[in-house]
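I have placed the structure first, in the form of structure tokens, so that the comments after it can refer back to it.
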Amino acid sequence: QVQLVESGGGLVQPGGSLRLSCAASGFTFSSTYMSWVRQAPGKGPEWVSGINTGGGGTRYADSVKGRFTISRDNAKNTLYLQMNSLKPEDTALYYCARGDRSLAMLRRDYWGQGTQVTVSS
């Protein structure tokens, strides 16, 4: 009954912004390290960002550092990814995932269903 439901994706122009949300249920969200992972068609998955249980510890892939911000609201069981200064290479299916970088990359079953982000003129 674990569920991770991503939303907020869409089509944006280069330089634009999007805010992704992930609604979590079926597990103790507040005690779970969370990550965002993305995958472009024909490419392997790429870990994007992670956040600790309290929200005060965050990590980012070099490719998104300075542009993306991960956050969480434990009272709402929701994970967020604020994406600014978007580039065409950010185009991908974005997944919410339980666990840190190592665990999320190892366990595809820990991901949600994904939300599509397309950055194009």
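All of these numbers come straight from a predicted model, not from anything done at the bench.
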List the steps and the verdict of side-chain contact (heavy atoms from CB on, under 4.5 Å) for I51 and L79.
CA-CA 9 Å; I51 187 168; L79 179 72; 3.6 Å; yes
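- T115 places a side-chain N or O within donor-acceptor distance of the main-chain N or O of G9, the cut-off being under 3.5 Å.
- Interatomic distance, CG of L81 versus CD of E6, reported as 11.0 Å (0.5 Å rounding).
- Judged by distance alone, with hydrogens and angles left aside, the side-chain atoms of D73 form no donor-acceptor pair with the main-chain N or O of N77 at under 3.5 Å.
- The two residues A92 and A40 come nearest to each other via the heavy atoms CB-N, 3.8 Å.
- Note on W36 and V12: same hydrophobic cluster, where clusters join Ile, Leu, Val, Met, Phe, Trp and Tyr whose side-chain heavy atoms are under 4.5 Å apart, directly or indirectly.
- To the nearest 0.5 angstrom, Q3 atom CD is 10.5 Å from F27 atom CZ.
- More than 12 heavy atoms of other residues, nucleotides or ligands lie within 6.0 Å of CD in Q113, so this atom counts as buried by the packing criterion.
- Not counting sequence neighbours, the partners of R72 by the side-chain hydrogen bond (donor to acceptor under 3.5 Å, both in side chains) test are N74.
- Considering every non-hydrogen atom in both S121 and P14, the closest pair reads OG-CD, 3.6 Å.
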Using atom types as modelled, flag every donor-acceptor pair under 3.5 Å from a side chain in residues 19-26 to any protein atom, sequence neighbours excluded.
none

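- Taking CE of M83 as the start and CZ of F68 as the end, the distance is 5.5 Å to the nearest 0.5 Å.
- Between K87 and D90, none of the side-chain N atoms (NZ, or NE/NH1/NH2) sits under 4.0 Å from a carboxylate O, so this pair counts as no salt bridge.
- Listed by first then second residue, pairs satisfying ring-ring contact (aromatic ring centres under 6.0 Å, His included) with a partner in residues 102-121 read Y95-W111, not counting sequence neighbours.
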Working for side-chain contact (heavy atoms from CB on, under 4.5 Å), residues Y60 and R67:
CA-CA 10 Å; Y60 301 91; R67 300 187 299 118; over 6 Å; no
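- The distance from atom CG of N52 to atom OG1 of T32, rounded to the nearest 0.5 Å, is 12.0 Å.
- In this structure, V37 is not a member of the same hydrophobic cluster as L4, with clusters built from ILVMFWY side-chain heavy atoms closer than 4.5 Å.
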I'd like to know whether S63 forms a side-chain contact (heavy atoms from CB on, under 4.5 Å) with E46, so could you lay out the CA-CA distance, the side-chain angles of the two residues, the decisive distance to 0.1 Å, and finally the verdict.
CA-CA 10 Å; S63 58; E46 178 188 17; 2.9 Å; yes
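- When all heavy atoms are compared, the tightest approach of S17 to N84 is OG-OD1, 2.9 Å.
- Of all heavy-atom pairs spanning V48 and V64, the tightest one is O-CG2, 3.6 Å.
- The same ILVMFWY cluster, assembled from side-chain heavy atoms under 4.5 Å apart, contains both F29 and V2.
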Is there a side-chain contact (heavy atoms from CB on, under 4.5 Å) between Y33 and R101 once you walk through the steps?
CA-CA 10 Å; Y33 190 103; R101 177 176 181 171; over 6 Å; no
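- T78 contributes a side-chain N or O that, together with a main-chain N or O of K76, makes up a donor-acceptor pair within less than 3.5 Å.
- Looking at every heavy atom in both residues, C96 comes nearest to M34 through SG-CE, 3.5 Å.
- In terms of heavy-atom proximity, G50 sits nearest to S35 at CA-OG, 3.9 Å.
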